[in-house]
Amino acid sequence: MAATADNYPSGPIKLVMPYPAGGMSDVSARTIAEALSAKIGGNIIVENRPGAASTVASNWMVHQKPDGYTLYAAPVSLVLNPILQPQVGYKPYEDFTPISMLLYSPFVLQVNKDMGADNVKDLVTLIKAHPGKYAIGTSGLGSINHLAAEYFINEFGLDMIVAHYKGGAPASQDLVGGQIHMMFSAANEAAPMMRAGRTKGLAVTTAERLSMLPDVPTMNEAADLKDFEAVFWMALVAPKNLPPEIQSKLSSAMLELNSDAQLRRKTDALGVRMHASDPQEVTANLRQDEKKWGDIINNLDIEL
């Protein structure tokens, strides 16, 4: 029987996660999925399909039925991988039906504790005084924190070494050890290191301060900027041609979760900001970041 708004959901819903189980994105999305399950009276089961910087999952999704029983926790890389990779098997706007934003994961600019800079302005002055000396780490070529690093370098006209790692953990280890001097880290990864005195957090990359790190200024506050923002985000989407009534039911249920204080406390504790939206905001974010990060990717000829 075809799904309609009245009988949906009448069975389990699969939520495809493009990253391995246990990471911040996975745990956060599962937390939101549990709340959404209760809201719509269904059972959402998360299935991990990692690989190729999320392209494995994105390519798989385009071949699934648009019946509302296979949904996708699509990352910002949905729109970046067609720029970064020679070929992908999907078109980000044509092959998916947007439903709602899911979450934003901010970054923290943290530096080695012996760096000798206690704020962003001092850091910039120090780097400019020693061109080519300081290294900023990333969790991988083409990752959002790599693009944030390039954004930072370009914003202040800096001459720095960009060191790529296979993940945030090894980069963090070298940050503490002094092999690199700074990096943009996910808030949930940076906070424990900062609290233990192993690193210093100088700024967060969101427009507003984080409840997890209320004493850390935004980059705009710290450096007298107006629009510095760099976040990883995920959105809830489905294969193209999802019936509008199913799209509307899911989007409305997600929007109701914005007022779920308990859910927000859970996601805040994970270092992410849960945020639901209408479908139009998903498309707007795709287009905004395609332009913003795409320009950096193309200007630096970054390719995976």
Side-chain angles (χ1 to χ4, degrees), residues 76 104-140 143-165 168 171-233 268 271-273 288-289 291-293 295-297 299-300 302:
V76 57
Y104 290 92
S105 175
F107 294 107
V108 179
L109 175 60
Q110 55 173 347
V111 301
N112 181 274
K113 64 181 178 63
D114 300 319
M115 181 80 183
D118 293 323
N119 57 65
V120 173
K121 290 181 178 179
D122 286 351
L123 178 66
V124 169
T125 299
L126 188 61
I127 296 169
K128 286 187 172 181
H130 303 279
K133 175 182 177 180
Y134 293 104
I136 186 166
T138 84
S139 60
S143 63
I144 292 295
N145 80 329
H146 169 213
L147 299 179
E150 300 288 2
Y151 183 27
F152 172 74
I153 290 168
N154 182 69
E155 184 73 35
F156 295 102
L158 305 176
D159 180 357
M160 298 184 66
I161 300 165
V162 180
H164 300 298
Y165 290 80
S172 296
Q173 290 174 1
D174 275 7
L175 174 64
V176 173
Q179 287 81 15
I180 58 174
H181 303 94
M182 66 202 77
M183 67 180 292
F184 286 94
S185 303
N188 67 309
E189 296 172 354
M193 299 169 66
M194 292 162 55
R195 288 171 182 148
R198 302 175 73 196
T199 62
K200 291 181 181 179
L202 303 189
V204 297
T205 61
T206 43
E208 299 176 354
R209 293 193 183 199
L210 305 181
S211 59
M212 174 182 273
L213 298 167
D215 296 329
V216 180
T218 67
M219 186 66 77
N220 292 331
E221 291 175 311
D224 294 329
L225 300 175
K226 290 185 178 180
D227 57 0
F228 190 104
E229 190 167 10
V231 295
F232 170 85
W233 54 257
D268 283 352
V272 305
R273 180 165 62 92
Q288 173 184 291
D289 279 11
K291 176 68 170 65
K292 178 178 185 175
W293 302 125
D295 284 351
I296 292 175
I297 293 166
N299 288 340
L300 296 173
I302 302 170

Looking only at heavy atoms, what is the nearest atom pair of [X] and [Y], with distance?
X	Y	value
Ala190	Val108	CB-CB, 3.9 Å
Arg273	Asp268	CA-OD1, 4.5 Å
Met212	Ala191	SD-CB, 3.8 Å
Asp122	Asn119	N-OD1, 2.8 Å
Leu213	Arg195	CD2-NH2, 4.3 Å
Leu210	Ala187	CD1-CB, 3.8 Å

(message) Please evaluate residues Leu147 and Ile302 with respect to the criterion side-chain contact (heavy atoms from CB on, under 4.5 Å), reporting the C-alpha separation (whole Å), side-chain torsions for both, the decisive distance (0.1 Å), and the verdict.
(response) CA-CA 10 Å; Leu147 299 179; Ile302 302 170; 4.0 Å; yes

Pairing residues for [X] by the side-chain hydrogen bond (donor to acceptor under 3.5 Å, both in side chains) criterion, not counting sequence neighbours:
X	result
Asp159	none
Asn188	none
Ser172	none
His181	none

So how far is it from [X] [atom1] to [Y] [atom2], rounded to the nearest 0.5 Å?
X	Y	atom1	atom2	answer
Thr206	Glu229	OG1	CD	7.0 Å
Asp118	Leu202	CG	CG	7.5 Å
Asp295	Asp289	CG	CG	11.5 Å
Arg198	Lys113	CZ	NZ	10.0 Å
Ile180	Met160	CD1	CE	9.5 Å
Leu300	Glu150	CG	CD	5.0 Å

| message | Under the criterion side-chain contact (heavy atoms from CB on, under 4.5 Å), I'd like the reasoning laid out for Phe184 against Thr205: C-alpha separation, chi angles, the key distance, then a yes or no. | response | CA-CA 9 Å; Phe184 286 94; Thr205 61; 3.6 Å; yes

With the side chain counted from C-beta on, respond yes when [X] and [Y] share a heavy-atom pair under 4.5 Å apart, and no when they do not.
X	Y	value
Val216	Met194	yes
Met115	Lys200	no
Asp174	Tyr165	yes
Tyr134	Val111	no
Val176	Thr199	yes
Ile136	Leu158	no
Ile127	Phe156	no
Met219	Glu155	no

Practice task
Would you tell me whether Ser143 and Asn145 have side-chain atoms, one donor and one acceptor, within less than 3.5 Å of each other?
Solution key: yes

Original post:
Can you list the steps and then say if Asn154 with Ile296 is a side-chain contact (heavy atoms from CB on, under 4.5 Å)?
Top reply: CA-CA 9 Å; Asn154 182 69; Ile296 292 175; over 6 Å; no

Result for salt bridge (charged side-chain N to carboxylate O under 4.0 Å, His left out) between Glu221 and one of Lys121, Arg209, Lys226 points to Arg209

- prompt: With a cut-off of 6.0 Å (strictly less than), are more than 12 heavy atoms of other residues, nucleotides or ligands near CD of Glu208?
  reply: no

Next on the checklist: For Ile153 and Val162: C-alpha separation, side-chain torsions, deciding distance, then whether side-chain contact (heavy atoms from CB on, under 4.5 Å) applies.
Outcome noted: CA-CA 10 Å; Ile153 290 168; Val162 180; 3.7 Å; yes

Ring pair (Phe, Tyr, Trp, His ring centres under 6.0 Å) filter on Tyr151, not counting sequence neighbours, yields Phe228, Trp293

Phe107 meets the ring pair (Phe, Tyr, Trp, His ring centres under 6.0 Å) criterion, sequence neighbours left out, with none

